[in-house]
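Let me begin by presenting the structure, written as structure tokens, before commenting on it.
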Protein chains: 2
Amino acid sequence: MKADAIRGHLDGLLLAVLEPGPRHGYAIITAVQQRSGGALELRTGTIYPALNRLERLGLLRSTWDSVGERRRRCYELTDAGRRGLADERSAWRAFTTAIGSVLDPQPGSAT
Amino acid sequence: MKADAIRGHLDGLLLAVLEPGPRHGYAIITAVQQRSGGALELRTGTIYPALNRLERLGLLRSTWDSVGERRRRCYELTDAGRRGLADERSAWRAFTTAIGSVLDPQPGSAT
DNA sequence: AATAATGTGTAGGCTGTCTACCTATGAAGG
DNA sequence: CCTTCATAGGTAGACAGCCTACACATTATT
């Protein structure tokens, strides 16, 4: 996987894995990894700043919870986050359609 | 279209529009625009450095030709360029599969 | 005791794309 | 003749977002 291929698509990934329910950062990484069949391995340095940004934008809200002595920060979607996810999904469809039609043009289309 | 969504996919676009035959820069821009149904509007500042890079890498070769007094630089795929295009296409499929399976998971897959 | 797994986070750098700008020819219209 | 638009090629510099590398702490395993 090319290093910066996911640029511009990270937000959608984060919102999508939070759709079923709240998750903490580490679980987000493993969820993305599992869902993508191991293809996407996000780093902490990638997601934590992004999660902060999404919270600042009001798409996420976070709460601290504790398991024993260990603290973890759980993120969940806000209503704006759900709308944002819908936007990301339609943007993704438009994007893949656009790139796909250039990369693999239909035989009938103009050259 | 998010500004930098195409990051990491530009090379594939350029190689793909050059597959049918040689083209000069301006024609590459219009070809991408037409093939994508107007969704992708590349700028000269985007493609010329990229074309130079691809030529440096040996994926393209360029020749000057003249129409009257006007000179234009025509780019065409090398054999390495054709192989590069095939690589870009399979990378694109892997990429869309990966992102897609996170963004719109199949009901059966693990959360 | 040491190592791996779990868990959160920051600092700094990289690089490819974008914005903005510049130059030049040819055709069309006034 | 002059202006304007389409065609054609190009550079300089900034910017944003992701990556690399690092730091720290707790819990489980060997």
Side-chain angles (χ1 to χ4, degrees), chain A residues 1-15 17 22-34 39-57 59-60 62-75 88 91 95 98-99, chain B residues 1-15 17-18 22-34 39-57 59-60 62-75 88 91 95 98-99 102:
Chain A
M1 181 75 59
K2 211 179 290 185
D4 61 1
I6 68 157
R7 272 184 99 97
H9 309 288
L10 177 62
D11 294 4
L13 298 180
L14 298 177
L15 296 176
V17 296
R23 272 210 174 84
H24 59 281
Y26 195 80
I28 289 173
I29 292 176
T30 55
V32 168
Q33 196 175 354
Q34 281 173 19
L40 298 175
E41 303 201 6
L42 304 178
R43 307 307 163 108
T44 62
T46 299
I47 69 155
Y48 287 116
L51 290 170
N52 289 334
R53 180 168 42 79
L54 291 174
E55 186 170 19
R56 242 187 356 260
L57 293 173
L59 304 184
L60 299 181
S62 71
T63 51
W64 286 98
D65 76 320
S66 297
V67 179
E69 205 61 27
R70 176 177 291 164
R71 81 219 160 88
R72 36 158 93 153
R73 194 163 160 192
C74 271
Y75 298 88
E88 291 284 348
F95 173 71
I99 303 284
Chain B
M1 181 75 60
K2 211 178 292 185
D4 60 2
I6 68 158
R7 270 186 100 97
H9 309 289
L10 178 62
D11 294 6
L13 298 181
L14 298 177
L15 297 176
V17 296
L18 288 172
R23 273 209 174 85
H24 59 282
Y26 194 81
I28 289 173
I29 291 175
T30 56
V32 168
Q33 196 175 354
Q34 281 173 20
L40 299 174
E41 303 201 4
L42 304 178
R43 307 306 162 108
T44 63
T46 299
I47 68 155
Y48 287 117
L51 290 170
N52 289 334
R53 179 167 44 78
L54 291 173
E55 187 170 18
R56 242 187 357 259
L57 293 172
L59 304 184
L60 299 180
S62 70
T63 51
W64 287 99
D65 76 319
S66 297
V67 179
E69 205 61 29
R70 176 177 294 164
R71 81 224 159 85
R72 36 158 96 152
R73 194 164 161 192
C74 270
Y75 298 87
E88 291 284 348
F95 173 71
I99 303 285
V102 175

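Per chain, numbering begins at 1; letters A, B, ... match sequence-line order.
Each of Val67(A) and Asp11(A) lies near DNA chain D, and the nucleotide nearest Asp11(A) is the one positioned closer to the 5' end. Of the residues near DNA chain C, Thr44(A) and Gly45(B), the one whose nearest nucleotide (by heavy atom distance) lies more toward the 5' end is Thr44(A).
Nearest to the side chain of His24(A), among dT19(C), dT7(D), dG7(C), sits dG7(C). Closest to the side chain of Arg7(A), from the set dA16(D), dG26(C), dG7(C), is dA16(D). Checking dG9(C), dT19(C), dA6(D) against the side-chain heavy atoms of Tyr75(A) singles out dG9(C) as nearest. Candidate nucleotides dT11(D), dC18(D), dG7(C) were compared by shortest atom distance to the side chain of Ile6(A), and dC18(D) ranks first.
Residue Leu51(B) contributes atom CG, which lies 11 Å from atom P of dT11(D) at whole-angstrom precision. Whole-Å rounding puts the Leu54(A) CG to dG17(D) P distance at 11 Å. The interatomic distance linking Arg43(B) (CZ) with dT7(D) (C1') rounds to 16 Å, in whole Å. Following rounding to the nearest Å, Arg71(B) (CZ) and dG26(C) (P) show an atom-to-atom distance of 12 Å. When rounded to the nearest whole Å, the span between CD1 of Ile29(B) and C1' of dC18(C) equals 13 Å. Distance CG (Leu13(B)) to P (dG16(C)): 15 Å, rounded to an integer number of Å. Protein atom CH2 of Trp64(A) is 13 Å distant from nucleotide atom P of dT26(D), rounded to whole Å. Distance, Ile47(A) CD1 to dT20(D) P: 15 Å, rounded to whole Å.
Taking the side chain as every heavy atom from C-beta outward, Leu51(B) and Ile28(B) approach each other to under 4.5 Å. Counting heavy atoms from C-beta outward, His24(B) and Arg73(B) have side chains that stay 4.5 Å or more apart.
Taking only distance into account, the side chain of Arg70(B) meets the base of dT7(D) through a donor-acceptor pair shorter than 3.5 Å.
The two atoms that bring Ile6(A) and Ile99(B) nearest to each other are CG2-CD1, 4.1 Å, heavy atoms only.
Between Arg73(A) and dG9(C), a side-chain N or O to OP1/OP2 separation shorter than 4.0 Å is present. In terms of phosphate contacts, Arg53(B) brings a side-chain nitrogen or oxygen within less than 4.0 Å of OP1 or OP2 of dT17(C). Between Thr46(B) and dC18(C), a side-chain N or O to OP1/OP2 separation shorter than 4.0 Å is present. Between Arg72(A) and the phosphate of dG7(C), there is a side-chain N or O to OP1/OP2 separation shorter than 4.0 Å. Tyr48(A) has a side-chain polar atom (N or O) that falls below the 4.0 Å cut-off from OP1 or OP2 of dT8(C).
Glu88(B) places no side-chain N or O within 3.5 Å of a backbone atom of Leu15(B) that could act as its donor or acceptor partner.
Relative ring orientation between Phe95(B) and His9(B) is described as tilted, the plane-to-plane angle lying within the 30° to 60° band.
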